[in-house]
Student: 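Questions regarding the structure given below will be posed in turn.
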Amino acid sequence: MRTIAMLISYEIIQGLALLAAVIFIGSMNLQAIVSWQDEYNTWLIFIMPLPVVAYLIAGAVEINRSPMDISEAESEIVAGYHVEYSGIKFGFFYAAEYFAGFAVSAIIVTLFLGGWTAWGLEEWVPGWLLFLSKLYLVFFLFIWTRGTLPRLRIDQLMAFAWKFLLPLALLNVLVAGGEVLIWREADLSAGLALPIFGVVNAALAVTLILGWGTF
């Protein structure tokens with residue numbers, strides 16, 4: 001029941017985080033999203049940092065990664081694959097968690113970190129090497145949080161999702177849609193519009209980070 005509650009809650013937040021990026025770019029094609037960032041010579045994380053943080057938190061819940069591993073909690077609950085399996089079977093379970101972490105990191109790199117592009121650096125460095133470098137950098141955040149943050153209680157995790165993160169993610173979708181509408185209707189240049197949008201969305205991200213401490 002705890003696993004079902006966690007997945008339902010944070011999958012909605014994951015979808016809203018990706019929806020904000022899709023609305024802003026105007027395409028669901030991953031290659032088109034990378035090309036947009038390359039065309040405007042920026043990464044979406046600088047314009048929309050809140051979806052990145054929200055997706056990172058929701059991704060940790062989805063892959064059952066500490067400090068969000070409420071369903072397993074190997075140091076608290078005597079159950080699950082930590083007790084029932086050993087050897088290569090346990091290794092498969094553990095490897096699956098890491099593969100899922102790399103998948104979440106790959107989505108973040110593609111949508112928010114320019115994918116295989118890096119302000120023209122891809123002309124000298126192979127694109128796959130740039131992508132892997134960003135991938136390992138993002139995955140390092142999962143390793144870092146696992147070793148530094150204490151595990152949340154289930155009531156804290158659920159309250160943070162429904163009372164704080166979900167309303168903020170919905171607000172971010174509305175803001176993203178409004179920004180695109182203003183950009184098109186006012187016929188603003190990218191050099192003027194994108195920095196303004198970045199400041200507005202950074203304020204939402206700061207709100208999210210500060211709100212984390214209350215839970």
Side-chain angles (χ1 to χ4, degrees), residues 1-22 43-45 48-77 79-82 90-113 115 131-173 201 204-215:
M1 291 301 297
R2 300 204 300 182
T3 302
I4 294 172
M6 288 166 48
L7 294 181
I8 291 176
S9 303
Y10 282 89
E11 279 178 358
I12 296 174
I13 294 168
Q14 269 191 323
L16 290 174
L18 298 180
L19 179 61
V22 169
W43 292 350
L44 204 57
I45 188 175
M48 307 180 70
L50 186 140
V52 184
V53 179
Y55 190 83
L56 196 65
I57 294 174
V61 176
E62 290 295 316
I63 66 177
N64 201 32
R65 185 79 178 173
S66 182
M68 316 293 189
D69 57 337
I70 308 297
S71 59
E72 293 295 343
E74 68 272 12
S75 62
E76 301 172 5
I77 303 175
Y81 68 88
H82 297 279
F90 172 81
F92 281 138
F93 276 102
Y94 211 70
E97 177 182 309
Y98 276 83
F99 287 145
F102 279 117
V104 172
S105 301
I107 294 175
I108 293 177
V109 170
T110 304
L111 266 66
F112 301 104
L113 295 178
F131 187 88
L132 285 180
S133 301
K134 298 175 186 178
L135 180 69
Y136 285 121
L137 180 62
V138 174
F139 190 75
F140 171 74
L141 296 177
F142 287 113
I143 299 175
W144 188 11
T145 53
R146 182 184 181 93
T148 56
L149 297 179
R151 180 179 293 113
L152 301 176
R153 300 194 312 266
I154 184 64
D155 61 310
Q156 292 174 323
L157 192 67
M158 299 305 296
F160 180 70
W162 290 103
K163 296 180 180 179
F164 190 80
L165 191 53
L166 180 60
L168 204 58
L170 286 170
L171 177 61
N172 183 73
V173 171
N201 292 318
L204 292 176
V206 171
T207 303
L208 172 60
I209 295 172
L210 294 178
W212 171 266
T214 63
F215 290 87

Student: Which value, rounded to the nearest 0.5 Å, describes the distance between Leu166 atom CG and Leu16 atom CG?
Tutor: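 Separation between the atoms: 6.0 Å.
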Student: List the atom of Leu135, the atom of Ala106, and the distance in Å for their closest heavy-atom pair.
Tutor: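 So the minimum-distance heavy-atom pair works out to CD1-N, 3.3 Å.
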Student: Of all heavy-atom pairs between Gly59 and Val104, which one has the smallest distance, and what is that distance?
Tutor: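 Answer, listing the atom of Gly59 first, then Val104: CA-CG1, 4.1 Å.
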Student: Ignoring hydrogens, what is the shortest heavy-atom contact between Ala161 and Ser9? Give both atom names and the distance.
Tutor: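 Looking at all heavy atoms of both residues, the shortest contact is CB-CB, 4.2 Å.
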Student: Between Ile107 and Leu18, is there a side-chain heavy-atom distance shorter than 4.5 Å?
Tutor: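 Yes, their side chains come closer than 4.5 Å.
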Student: Atom CZ in Phe140, atom OG1 in Thr145: separation rounded to 0.5 Å?
Tutor: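 Going from the CZ atom of Phe140 to the OG1 atom of Thr145 covers 9.5 Å.
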Student: Would you check, one step at a time, whether the test side-chain contact (heavy atoms from CB on, under 4.5 Å) holds for Ile63 with Phe99?
Tutor: CA-CA 9 Å; Ile63 66 177; Phe99 287 145; over 6 Å; no
Student: Before we go on, tell me: are the rings of Tyr98 and Tyr94 under 6.0 Å apart, centre to centre?
Tutor: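 So the answer is yes for these two rings.
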Student: Just do the side-chain contact (heavy atoms from CB on, under 4.5 Å) check on Phe142 and Phe102 with the steps written out, would you?
Tutor: CA-CA 10 Å; Phe142 287 113; Phe102 279 117; over 6 Å; no
Student: To the nearest 0.5 angstrom, please state how far the CD1 atom of Ile13 sits from the CG atom of Leu170.
Tutor: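 Answer for the CD1-CG pair, Ile13 versus Leu170, is 9.0 Å.
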Student: Would you please test Ile12 and Trp162 for side-chain contact (heavy atoms from CB on, under 4.5 Å) and show each step?
Tutor: CA-CA 10 Å; Ile12 296 174; Trp162 290 103; 3.9 Å; yes
Student: For residues Gln14 and Ala58, report the shortest heavy-atom separation together with the two atoms involved.
Tutor: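 What the structure gives for the nearest pair is CG-CB, 3.4 Å.
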Student: So, taking the atom named CG in Leu113 and the one named CG in Leu137, what distance separates them when rounded to the nearest 0.5 Å?
Tutor: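 CG of Leu137 is found 8.0 Å from CG of Leu113.
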Student: Can you tell me how far the CD1 atom of Ile8 sits from the CD atom of Glu11, to the nearest 0.5 Å?
Tutor: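 Reported to 0.5 Å precision, the distance equals 8.0 Å.
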Student: Nearest 0.5 Å, what's the CD-CZ distance between Glu97 and Phe92?
Tutor: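 Between atom CD of Glu97 and atom CZ of Phe92 there are 15.5 Å.
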Student: Check whether any side-chain heavy atom of Val138 lies under 4.5 Å from a side-chain heavy atom of Leu56, and answer yes or no.
Tutor: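 Side-chain contact under 4.5 Å: yes.
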Student: List the atom of Tyr55, the atom of Ile108, and the distance in Å for their closest heavy-atom pair.
Tutor: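 Tyr55 and Ile108 have their closest heavy atoms at CD2-CG1, 3.5 Å.
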